[in-house]
Amino acid sequence: MLVNPFSLEGRTVLVTGASSGIGRTTAIECSQMGANVIITGRDQTRLDEVFSELEGEGHQAVIADLTQEEQLQGLLEQLPVVDGVVLCAGQGTVVPFKMADRKKQNPIFEINYFAPVELLRQLLKKKKLANGASVVFVSSIGGVDSITIGNSIYGASKAALNSAMRFCALELAPKKIRVNSVCPGMVNTKLIKGGAVSEEQHQADMQKYPLKRYGEPEDVANGIIYLLSNASSWVTGHSLVIDGGYTL
């Protein structure tokens, strides 16, 4: 009998930032792999749209802004014990370093670093994370393997996230809880649209990628499913780079 090591059948997986982009696609693909999915985000309309695309039954949607303590606690109260967590909520910004004051840094760090790390801490404290669970932080090559002008705030927040992931992986190993991250390059989501970078600049930037394209949300979601599944049962404390060869 053939067994699919990537199956998430019978597992409950929480996906934050699930109303768009990588989080949205990850939630849908987790449901396709058999998981009971709990999705959370800040936009009711978009979250409802994602919920309607989840396959199977037993799913749950919870509106929450994870930077707000009251809403974070509200989410935790509604959660069952989960077998997998995908910490996907994030925000980008492009600011020259000399303009990167605390007012510009604080909101990015709140969303990209403090919110996911505090959610994981609270899941552990409230015993909402099953022994043997898998946690995946969605980080970035930005600030870790790819240093670019104007990216100091975003890159530093993601570098901090990767560092926290490694400490968590070591401390939670006795509970057989695995903690990893994915580090995508540029991915075609709303996060990269409508900013200071034009479409022509994006097209020129794509030529720096050996595979000559940006990633799609599915490219990253597939890596996340690998880390959630038994296929990666001996992988922890690892940052999985998914970047079309950019960091080569």
Side-chain angles (χ1 to χ4, degrees), residues 6 15-30 32-33 50 86-97 99-100 104 108-109 111-113 116 134-166 179-229 231-232 235 237-248:
F6 298 93
V15 182
T16 73
S19 58
S20 63
I22 293 169
R24 173 186 180 277
T25 300
T26 298
I28 293 170
E29 292 201 4
C30 282
Q32 292 170 347
M33 296 302 292
V50 177
V86 183
L87 298 161
C88 197
Q91 183 175 324
T93 188
V94 177
V95 179
F97 178 70
M99 305 297 291
K104 293 185 177 66
I108 301 301
F109 269 82
I111 294 172
N112 290 2
Y113 177 77
S134 175
V135 178
V136 184
F137 287 102
V138 177
S139 185
S140 171
I141 63 170
V144 181
D145 296 302
S146 174
I147 308 300
T148 54
I149 293 173
N151 212 30
S152 63
I153 299 176
Y154 177 78
S157 71
K158 293 298 188 177
L161 197 62
N162 271 350
S163 179
M165 175 274 291
R166 291 179 172 86
V179 187
N180 296 283
S181 68
V182 292
C183 295
M186 291 288 277
V187 178
N188 282 316
T189 68
K190 289 183 179 179
L191 190 65
I192 69 169
K193 305 292 185 182
V197 181
S198 69
E199 180 59 30
E200 290 75 15
Q201 288 172 312
H202 279 311
Q203 291 296 325
D205 186 53
M206 287 181 199
Q207 300 310 305
K208 300 175 184 177
Y209 286 73
L211 295 182
K212 304 303 180 186
R213 69 174 178 89
Y214 285 164
E216 297 298 332
E218 292 80 4
D219 295 320
V220 183
N222 290 337
I224 292 170
I225 287 173
Y226 161 70
L227 291 172
L228 289 172
S229 73
S232 62
V235 178
H238 178 66
S239 296
L240 177 61
V241 174
I242 307 174
D243 70 347
Y246 182 86
T247 53
L248 290 174

Going by side-chain hydrogen bond (donor to acceptor under 3.5 Å, both in side chains), name the residues that satisfy it together with [X], two or more places apart in sequence or in a different chain.
| X | answer |
| --- | --- |
| N180 | none |
| S152 | none |
| N151 | none |
| E218 | none |

Salt bridge (charged side-chain N to carboxylate O under 4.0 Å, His left out) contacts touching residues 147-156 (sequence neighbours left out):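 Every pair satisfying salt bridge (charged side-chain N to carboxylate O under 4.0 Å, His left out) with a residue in residues 147-156: there are none.
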I need the full list of salt bridge (charged side-chain N to carboxylate O under 4.0 Å, His left out) pairs touching residues 15-25, with sequence neighbours left out, sorted by first then second residue.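 Every salt bridge (charged side-chain N to carboxylate O under 4.0 Å, His left out) pair that includes a residue of residues 15-25, provided the two are not neighbours, is R24-E53.
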Would you mind reporting whether [Y] and [X] have side-chain heavy atoms less than 4.5 Å apart?
| X | Y | result |
| --- | --- | --- |
| I153 | K104 | yes |
| C183 | S140 | no |
| P116 | L161 | yes |
| V86 | L228 | yes |

Between D145 and T247, a side-chain donor and acceptor under 3.5 Å: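 No, T247 and D145 have no side-chain donor paired with an acceptor closer than 3.5 Å.
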If the condition is side-chain contact (heavy atoms from CB on, under 4.5 Å), which residues does [X] pass it with, not counting sequence neighbours?
| X | value |
| --- | --- |
| S232 | R178, Y226, L227, V235 |
| V144 | A159, N162 |
| S229 | F6, L8, A231 |
| I111 | R42, T67, Q91 |

Give every donor-acceptor pair under 3.5 Å between a side-chain atom in residues 205-213 and any protein atom, sequence neighbours left out.
{"from": "D205", "atom 1": "OD2", "to": "Y214", "atom 2": "OH", "distance (Å)": "2.6"}
{"from": "Y209", "atom 1": "OH", "to": "M186", "atom 2": "N", "distance (Å)": "3.0"}
{"from": "K212", "atom 1": "NZ", "to": "Q207", "atom 2": "O", "distance (Å)": "2.8"}
{"from": "R213", "atom 1": "NH1", "to": "D219", "atom 2": "OD2", "distance (Å)": "3.1"}
{"from": "R213", "atom 1": "NH2", "to": "D219", "atom 2": "OD2", "distance (Å)": "3.4"}

Testing the basics here: between [X] and [Y], what is the closest heavy-atom pair and its distance to 0.1 Å?
| X | Y | value |
| --- | --- | --- |
| T25 | A221 | CG2-CB, 3.9 Å |
| V187 | P217 | CG1-N, 3.7 Å |
| Y113 | A160 | CE1-O, 3.4 Å |
| S157 | N112 | OG-ND2, 3.1 Å |
| P184 | S139 | CD-O, 3.3 Å |
| G142 | K158 | O-CB, 4.1 Å |

Member of V135, V136, V179 meeting the side-chain contact (heavy atoms from CB on, under 4.5 Å) criterion with L87: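 The side-chain contact (heavy atoms from CB on, under 4.5 Å) with L87 is passed solely by V135 among V135, V136, V179.
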Not counting sequence neighbours, which residues clear ring pair (Phe, Tyr, Trp, His ring centres under 6.0 Å) with F109? List them please.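 Result, ring pair (Phe, Tyr, Trp, His ring centres under 6.0 Å) vs F109: none returned.
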Assess whether atom CD1 of I149 is packed by more than 12 heavy atoms of other residues, nucleotides or ligands within 6.0 Å.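 Incorrect, the count does not exceed 12.
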Kindly indicate, with the supporting measurements, whether the criterion side chain to side chain donor-acceptor pair (under 3.5 Å) is fulfilled by R166 and S239. CA-CA 9 Å; R166 291 179 172 86; S239 296; 3.3 Å; yes
Is there a side-chain contact (heavy atoms from CB on, under 4.5 Å) between I224 and I22 once you walk through the steps? CA-CA 10 Å; I224 292 170; I22 293 169; 4.0 Å; yes
Would you give the length of the straight line joining atom CD1 of I141 to atom CD1 of I242, rounded to the nearest 0.5 angstrom?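 Result: 11.0 Å between the selected atoms.
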